[in-house]
Structure formats: C-alpha cells, structure tokens
Asks: 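Sharing a structure here in structure tokens format.
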Amino acid sequence: MWSKRLMWIAWPAFLMAGVVEMLIFAVVDPESLHWFGEPLQLSREGAYTLAFFVFWGIIMSSSALTTLLSLSASEVNRQNSNKLEVKNK
C-alpha cells in the first residue's frame with residue numbers, strides 16, 4: 001500500500017515540477033541568476049536540473065502532507081498498531 005501511495009505523491013509531483021520549470025525558465029534566464037550577490041556557478045543544464053529537483057521536492061512535500069492529512073483515524077491507528085505488534089514480537 002505504501003508503494004501505491006508513494007506513486008500517488010511522486011508521479012503528479014514529477015509532472016508538475018516539469019510544468020513549473022517550463023513556466024519559470026520561460027521568463028528567467030539561468031545565466032542571469034545570482035546567489036548572495038555572486039553569479040551562479042552552474043551551466044544552464046545544471047541550473048535546470050537543480051531547479052527541477054528543488055521544485056519536485058517542494059511539490060512532493062505538499063502532496064505527501066495532503067496524503068497524510070487525508071488518512072482517516074482508523075488508518076492511522078491501524079498503521080501504528082501494526083508497528084507496535086512487530087516491535088513486541
């Protein structure tokens with residue numbers, strides 16, 4: 001079940017990270033970016049890659065929080081009781 005939930009989180013986040021990256025870099029040139037007043041020492045491809053993984057991580061965090069908050073009390077308690085049973089054995 002956790003692998004299915006992980007795909008509910010990761011796949012839509014992957015798609016949206018691609019969309020967000022296209023929207024951001026349609027407006028912003030990666031070579032014009034600065035970090036603490038200094039030019040960013042990354043190639044365009046490096047900036048695209050780094051930005052994609054940052055966007056993906058942020059969107060995955062949002063999706064994971066939504067999935068966590070959508071669990072019913074019985075699902076949360078069932079998962080915690082399963083962990084307790086394994087520890088007690």
Side-chain angles (χ1 to χ4, degrees):
M1 185 63 177
W2 281 106
S3 61
K4 186 183 282 189
R5 286 185 197 243
L6 179 62
M7 288 311 297
W8 291 344
I9 294 167
W11 181 242
F14 178 83
L15 295 175
M16 288 310 300
V19 170
V20 170
E21 183 165 358
M22 285 188 284
L23 292 174
I24 295 293
F25 288 117
V27 178
V28 177
D29 181 18
E31 291 185 348
S32 67
L33 295 175
H34 287 72
W35 185 260
F36 293 112
E38 296 293 321
L40 198 59
Q41 299 297 319
L42 287 173
S43 65
R44 282 184 183 212
E45 291 82 10
Y48 293 145
T49 303
L50 180 64
F52 176 80
F53 284 112
V54 168
F55 295 149
W56 193 16
I58 291 169
I59 297 169
M60 272 183 38
S61 299
S62 172
S63 298
L65 184 59
T66 301
T67 302
L68 175 67
L69 294 174
S70 70
L71 293 175
S72 68
S74 61
E75 287 177 304
V76 172
N77 292 331
R78 185 185 70 227
Q79 291 170 1
N80 287 337
S81 67
N82 289 342
K83 289 178 184 176
L84 290 175
E85 288 174 11
V86 170
K87 287 181 181 179
N88 289 336
K89 288 184 179 182

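Hydrogens, waters and symmetry mates are skipped; everything else that's a heavy atom, side chains included, is used.
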Asks: Between the side chain of W56 and the main-chain N/O of A10, is any donor-acceptor distance below 3.5 Å?
Replies: yes

Asks: Linking I/L/V/M/F/W/Y whenever their side-chain heavy atoms sit closer than 4.5 Å, directly or via other members, would M60 and M7 fall into one cluster?
Replies: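 Yes; M7 is reachable from M60 via cluster members.
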
Asks: Please round to the nearest 0.5 Å and tell me the distance separating atom CD1 of I9 and atom CG of L65.
Replies: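 If we round to the nearest 0.5 Å, I9:CD1 and L65:CG are 10.0 Å apart.
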
Asks: Which heavy atom of D29 sits nearest to which heavy atom of R44, and what is that distance?
Replies: OD1-NH2, 3.2 Å

Asks: Does some side-chain heavy atom of P30 sit less than 4.5 Å from a side-chain heavy atom of F25?
Replies: yes

Asks: If hydrophobic clusters are built from ILVMFWY residues whose side chains come within less than 4.5 Å, do F53 and V20 share one?
Replies: no

Asks: Quick one: closest heavy-atom pair of E75 and L71, and the distance?
Replies: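 Shortest heavy-atom separation between E75 and L71 comes out as OE1-CA, 3.4 Å.
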
Asks: Out of curiosity, does L6 fall in the hydrophobic cluster containing F14 (side-chain heavy atoms, cut-off under 4.5 Å, transitive links)?
Replies: no

Asks: Considering all heavy atoms of both residues, which atom of F52 and which atom of E21 are nearest to each other, and what is their separation?
Replies: CB-OE1, 2.8 Å

Asks: In Å, rounded to the nearest 0.5 Å, how long is the span from CG of L50 to CG of L33?
Replies: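 So the gap between those two atoms works out to 10.0 Å.
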
Asks: Membership question, hydrophobic clusters at under 4.5 Å side-chain separation (ILVMFWY): are L15 and I59 in the same one?
Replies: no

